[in-house]
*Asks:* 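Quick one: the structure is below, questions incoming.
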Amino acid sequence: MRVDIVTIFPEFFGVLDVSLLGRARREQLLELHVHDLREHTHDRHRTVDDTPYGGGAGMVMRPEPWGEAFDALLGEGESDAVVVFPTPAGVPFTQSLARELAEESRLIFACGRYEGIDARVAEHVATRARVIEVSLGDYVLNGGEVAAMAMIEAIGRLVPGVVGNPASLVEESHEDGLLEHPSYTKPAVWRGLEVPEVLRGGNHGAIAAWRREQALERTRRVRPDLLPADGADA
């Protein structure tokens with residue numbers, strides 16, 4: 001998979017060289033490219049924003065540098081890339097969406113700032129590639145970089161080979177619609193707190209049943225909105 005990121009803060013993405021994503025990058029499982037939007041400006045101040053039409057507070061990112069950036073990334077005609085615009089006005093980012101995007105061959109993240117990117121940019125790009133506006137949650141960040149980084153990590157770890165043990169992906173939160181069960185390791189007793197006996201007994205059927213019940217209980221307590229509306233177990 002190839003991932004391109006367009007931003008006015010390319011240094012933010014130095015974290016892509018560490019941990020699992022860094023290893024995946026070195027092993028060429030993920031091809032990651034960061035592009036500075038200001039390289040597509042033509043004034044001495046490298047201006048990327050201007051005041052909004054209709055008035056109001058804040059600044060809006062101008063369409064011209066974004067248009068040139070996408071011309072360079074998409075080339076002529078239609079592209080098989082999926083262009084992701086992180087925005088609090090987008091669809092929620094979920095594990096199922098992460099899985100869907102992990103199957104794509106190329107993603108482009110457009111990191112907006114200020115009051116966002118001129119709306120015509122997404123409209124124009126949609127004539128050349130698939131566009132999806134995605135929200136990390138019901139809150140506002142200073143820009144799209146943090147959201148893009150979170151999405152790239154969630155998507156990248158689902159690319160085959162990135163996570164060493166693929167089985168570890170199966171029991172995670174949201175993979176089956178539930179939150180993940182609690183996890184424990186050695187020692188069996190720590191500061192007076194014991195690992196549940198069922199996990200030490202070696203009965204794999206009992207362990208699976210316990211983990212399922214714990215996942216259901218945690219989901220009921222923390223995220224009841226994830227359970228079916230009729231109250232049946234997921």
Side-chain angles (χ1 to χ4, degrees), residues 1-26 29-41 46-49 52 56-63 65-66 69-70 73 81-102 104 106-119 121-122 125 129-159 162-163 169 172-175 179-180 222-223 226:
M1 170 188 283
R2 172 173 173 146
V3 177
D4 291 277
I5 305 158
V6 185
T7 173
I8 60 171
F9 295 115
E11 63 275 13
F12 181 93
F13 293 94
V15 70
L16 291 172
D17 287 325
V18 302
S19 191
L20 288 178
L21 290 186
R23 188 185 70 183
R25 195 177 188 181
R26 291 188 294 273
L29 296 171
L30 290 175
E31 185 181 351
L32 302 168
H33 301 271
V34 183
H35 310 273
D36 187 347
L37 179 68
R38 294 190 191 276
E39 292 182 357
H40 298 283
T41 59
R46 306 182 80 196
T47 306
V48 296
D49 62 315
M59 304 289 278
V60 176
M61 299 194 88
R62 296 176 60 96
W66 281 105
F70 280 114
L73 289 170
V82 176
V83 181
V84 180
F85 287 86
T87 167
V91 300
F93 184 67
T94 61
Q95 188 69 11
S96 60
L97 180 54
R99 281 208 167 274
E100 176 188 333
L101 294 176
E104 299 292 337
R106 187 182 183 196
L107 302 176
I108 301 174
F109 287 85
C111 299
R113 280 267 154 179
Y114 317 120
E115 297 302 309
I117 303 170
D118 187 301
V121 174
V125 173
R130 178 188 169 196
V131 165
I132 179 169
E133 295 181 311
V134 185
S135 171
L136 202 61
D138 294 335
Y139 47 85
V140 179
L141 300 169
N142 288 330
E145 287 79 12
V146 170
M149 189 65 249
M151 293 182 208
I152 291 167
E153 178 154 319
I155 295 164
R157 65 195 303 275
L158 298 175
V159 173
V162 173
V163 173
L169 299 174
E172 294 179 326
S173 291
H174 304 293
E175 279 299 328
L179 301 184
E180 188 178 5
V222 179
R223 291 291 305 278
L226 295 177

*Asks:* Drop me the distance from L97's CG to Q95's CD, to the nearest 0.5 angstrom.
*Replies:*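 If we round to the nearest 0.5 Å, L97:CG and Q95:CD are 10.0 Å apart.
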*Asks:* Among V6, V3, T7, find the residue that satisfies the side chain to side chain contact (heavy atoms under 4.5 Å, CB included) test when tested with V34.
*Replies:*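 For V34, the side chain to side chain contact (heavy atoms under 4.5 Å, CB included) test succeeds with only one of V6, V3, T7, which is T7.
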*Asks:* Closest heavy-atom contact between P92 and V134?
*Replies:*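 In this case the closest contact between P92 and V134 is C-CG1, 4.4 Å.
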*Asks:* Measure from the side-chain N and O atoms of T47 to the backbone N and O of D49, and report whether any donor-acceptor pair falls under 3.5 Å.
*Replies:*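 No, the answer is negative, given that no donor and acceptor are paired below the 3.5 Å cut-off.
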*Asks:* What are the two closest heavy atoms between A69 and L37, and how far apart are they?
*Replies:*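 Closest approach of A69 to L37: CB-CD1, 4.2 Å.
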*Asks:* Going from CD on E104 to CD1 on I132, what distance comes out if it is rounded to the nearest 0.5 angstrom?
*Replies:*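 Going from the CD atom of E104 to the CD1 atom of I132 covers 9.5 Å.
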*Asks:* I need the minimum non-hydrogen distance between C111 and E145, along with the two atoms involved.
*Replies:*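 Nearest heavy atoms, C111 then E145: CB-OE2, 3.5 Å.
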*Asks:* Can you name the closest pair of heavy atoms from V83 and A129 and give their distance?
*Replies:*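 Closest approach of V83 to A129: CG2-CB, 4.1 Å.
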*Asks:* Using a cut-off of 6.0 Å, state whether more than 12 heavy atoms not belonging to E115 lie near its atom CD.
*Replies:*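 Correct, the count exceeds 12.
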*Asks:* Do Y114 and I8 have side chains that get closer than 4.5 Å, going by heavy atoms?
*Replies:*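 Yes, side chains in contact.
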*Asks:* Taking side chain as C-beta onward, heavy atoms only, is R46 less than 4.5 Å from D36?
*Replies:*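 Counting from C-beta outward, R46 and D36 do come under 4.5 Å.
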*Asks:* Are any non-hydrogen side-chain atoms of T41 and R62 less than 4.5 angstrom apart?
*Replies:*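 A side-chain contact under 4.5 Å is absent here.
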*Asks:* Shortest non-hydrogen contact from A154 to A98?
*Replies:*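 Shortest heavy-atom separation between A154 and A98 comes out as O-CB, 4.2 Å.
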*Asks:* What's the spacing between L21 CG and I152 CD1 if we round to 0.5 Å?
*Replies:*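 Those atoms lie 8.0 Å apart.
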*Asks:* Enumerate the residue pairs fulfilling side-chain hydrogen bond (donor to acceptor under 3.5 Å, both in side chains) with a member in residues 10-19, sequence neighbours excluded, ordered by first and then second residue.
*Replies:*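 Qualifying pairs, neighbours excluded: D17-R25.
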*Asks:* Can you tell me how far apart CD1 (I155) and CE (M1) are? Round to the nearest 0.5 Å.
*Replies:*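 Rounded to the nearest 0.5 Å, the CD1-CE separation comes out at 6.5 Å.
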*Asks:* Looking at CG of D118 and CH2 of W66, how far apart are the two atoms once the value is rounded to the nearest 0.5 Å?
*Replies:*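 Between atom CG of D118 and atom CH2 of W66 there are 12.0 Å.
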*Asks:* What residues, two or more places apart in sequence or in another chain, satisfy salt bridge (Lys or Arg N to Asp or Glu O under 4.0 Å) together with D4?
*Replies:*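 Expected list: R2, R106.
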*Asks:* If I take atom CD1 from residue I5 and atom CE from residue M149, how far apart are they, to the nearest 0.5 angstrom?
*Replies:*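 Taking CD1 in I5 and CE in M149, the distance rounds to 7.0 Å.
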*Asks:* Name all residues meeting the salt bridge (Lys or Arg N to Asp or Glu O under 4.0 Å) criterion together with E39; count only those two or more places apart in sequence or in a different chain, and write none if there are none.
*Replies:*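 For E39, no residue satisfies salt bridge (Lys or Arg N to Asp or Glu O under 4.0 Å) once neighbours in sequence are set aside.
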*Asks:* What pair of heavy atoms forms the shortest contact from G144 to P86, and how long is it?
*Replies:*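 Taking every non-hydrogen atom into account, O-CG, 3.9 Å.
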